[in-house]
Amino acid sequence: MHARVASFEGRDPSLTDELIQRVRDQGPSSVPDAKGFLGLFDRERGTALGITFFDSEEAIRNSEQAFEDMAQDFPAEMRGRRSSVEVSEVTIFEGDAERAKAARVSSLEGSPDSIDDSVSKVRAETLPKVRELDGNVGAIGLADRKSGRFTIITLWESGDALRKSEQQADRLREQAAQSGGQRIARVDRYEVAVAQELSGVRA
């Protein structure tokens, strides 16, 4: 399974609630072959991530026009600028994403040759410890085999639970990067405002 990750920036934060409602109303069904959708928003910075899940990269390519058409339904100041679109393999998908209210997105970078080893170590060493943290409701791993980037999204039942886990998360992230021979590129925190039709998504 693969994910199309669209990044947005420069939107008007005062329009966030209206944007979220419109995205919820559209839903994954408006994009052919989409299997589920996760909408992550940072109200203060005016940024967002739209993560749409598909069975294959081909299905993502076939849906690009639908995404372009959908963008026309949102005023530019509401949706912001689409700064990037990336396609990754879904290597981890566990827990109950539809319960999540907050997400921490950690991007690790390293050699493309080490992706499988990194995923295995995160699955075996990091995730069992993440599951033990209060308020964790799941995790998603996205691998870009071409660039060597591995993105770990941990999901939390509330923004408060996310904040309380920061110290442990910092330690686990450092250990995961070191174990996989990677560097931490960036860490972002978001409100999970949309989580739809994710029951059929699998790694």
Side-chain angles (χ1 to χ4, degrees), residues 1-3 5 7 35-42 44-45 47-53 86-203:
M1 185 156 263
H2 288 74
V5 183
S7 302
K35 301 302 179 183
F37 178 77
L38 201 59
L40 310 182
F41 296 83
D42 184 322
E44 291 183 5
R45 293 192 300 152
T47 60
L49 290 181
I51 306 174
T52 314
F53 297 92
E86 300 175 354
V87 176
S88 298
E89 179 184 342
V90 181
T91 54
I92 296 167
F93 195 97
E94 61 173 51
D96 185 358
E98 295 188 9
R99 283 180 55 206
K101 299 300 181 187
R104 183 183 294 110
V105 181
S106 303
S107 298
L108 309 181
E109 294 181 348
S111 168
D113 296 334
S114 68
I115 282 286
D116 287 326
D117 187 45
S118 298
V119 171
S120 295
K121 287 180 177 177
V122 165
R123 209 182 261 130
E125 300 171 11
T126 308
L127 289 187
K129 296 173 183 175
V130 171
R131 289 186 208 107
E132 294 175 357
L133 299 178
D134 287 344
N136 177 259
V137 295
I140 300 169
L142 305 177
D144 184 335
R145 294 184 179 277
K146 294 177 183 176
S147 69
R149 184 182 301 110
F150 182 38
T151 302
I152 305 167
I153 304 171
T154 52
L155 302 169
W156 306 87
E157 65 183 11
S158 67
D160 190 45
L162 182 148
R163 286 186 290 274
K164 287 180 178 178
S165 70
E166 286 290 353
Q167 190 171 1
Q168 300 100 314
D170 288 347
R171 186 177 67 254
L172 291 173
R173 187 184 311 110
E174 290 284 356
Q175 291 172 352
Q178 189 172 33
S179 176
Q182 296 164 309
R183 72 175 188 88
I184 300 168
R186 62 181 298 159
V187 182
D188 295 297
R189 296 152 189 86
Y190 295 95
E191 170 188 352
V192 180
V194 187
Q196 296 178 318
E197 299 180 25
L198 294 167
S199 59
V201 178
R202 298 285 183 273

With a 4.5 Å cut-off on side-chain heavy atoms, are [Y] and [X] touching?
X: Asp170; Y: Glu174; result: no
X: Asp188; Y: Asp42; result: no
X: Val201; Y: Met1; result: yes
X: Thr151; Y: Leu108; result: no
X: Phe37; Y: Leu198; result: no
X: Phe150; Y: Gln182; result: yes
X: Thr47; Y: Phe41; result: no
X: Val192; Y: Tyr190; result: no

For the side chain of [X] and the backbone of [Y], is there at least one donor-acceptor N/O pair under 3.5 Å apart?
X: Lys121; Y: Ser179; result: yes
X: Ser114; Y: Ser111; result: yes
X: Asn136; Y: Leu155; result: yes
X: Arg149; Y: Lys146; result: no
X: Thr91; Y: Val119; result: no
X: Ser120; Y: Asp116; result: yes
X: Arg104; Y: Leu162; result: yes

Tell me whether Gln178 at atom CD has more than 12 heavy atoms from other residues, nucleotides or ligands lying less than 6.0 Å away. no
More than 12 heavy atoms of other residues, nucleotides or ligands under 6.0 Å from CG of Asp96: yes or no? yes
Between [atom1] of [X] and [atom2] of [Y], what distance do you get to the nearest 0.5 Å?
X: Leu49; Y: Ile153; atom1: CG; atom2: CD1; result: 7.0 Å
X: Lys35; Y: Thr52; atom1: NZ; atom2: OG1; result: 13.0 Å
X: Glu132; Y: Gln168; atom1: CD; atom2: CD; result: 11.0 Å

Can you list the residues that meet the side-chain hydrogen bond (donor to acceptor under 3.5 Å, both in side chains) rule with Glu94, with sequence neighbours excluded? Arg131
Give the intermediate values and the outcome of side-chain contact (heavy atoms from CB on, under 4.5 Å) for residues Arg189 and Glu166. CA-CA 10 Å; Arg189 296 152 189 86; Glu166 286 290 353; 2.6 Å; yes
Might you point out which heavy atoms bring [X] and [Y] nearest each other, and give the distance in Å?
X: Arg145; Y: Ile115; answer: NH1-CG2, 3.8 Å
X: Ser199; Y: Glu98; answer: N-OE2, 3.9 Å
X: His2; Y: Val90; answer: C-CG2, 3.8 Å
X: Ala102; Y: Ser158; answer: CB-O, 3.7 Å
X: Val187; Y: Arg173; answer: CG2-NE, 3.5 Å
X: Trp156; Y: Ala161; answer: CE3-O, 4.1 Å

Do the side-chain N and O atoms of Ser107 and Arg186 include a donor-acceptor pair separated by under 3.5 angstrom? no
Identified side-chain contact (heavy atoms from CB on, under 4.5 Å) counterpart of Ile152 within the set Ile92, Ile140, Val122: Val122
For a side-chain contact (heavy atoms from CB on, under 4.5 Å) check, start with the C-alpha distance between Glu157 and Arg99, then their side-chain angles and the critical distance, and finish with the verdict. CA-CA 6 Å; Glu157 65 183 11; Arg99 283 180 55 206; 3.8 Å; yes
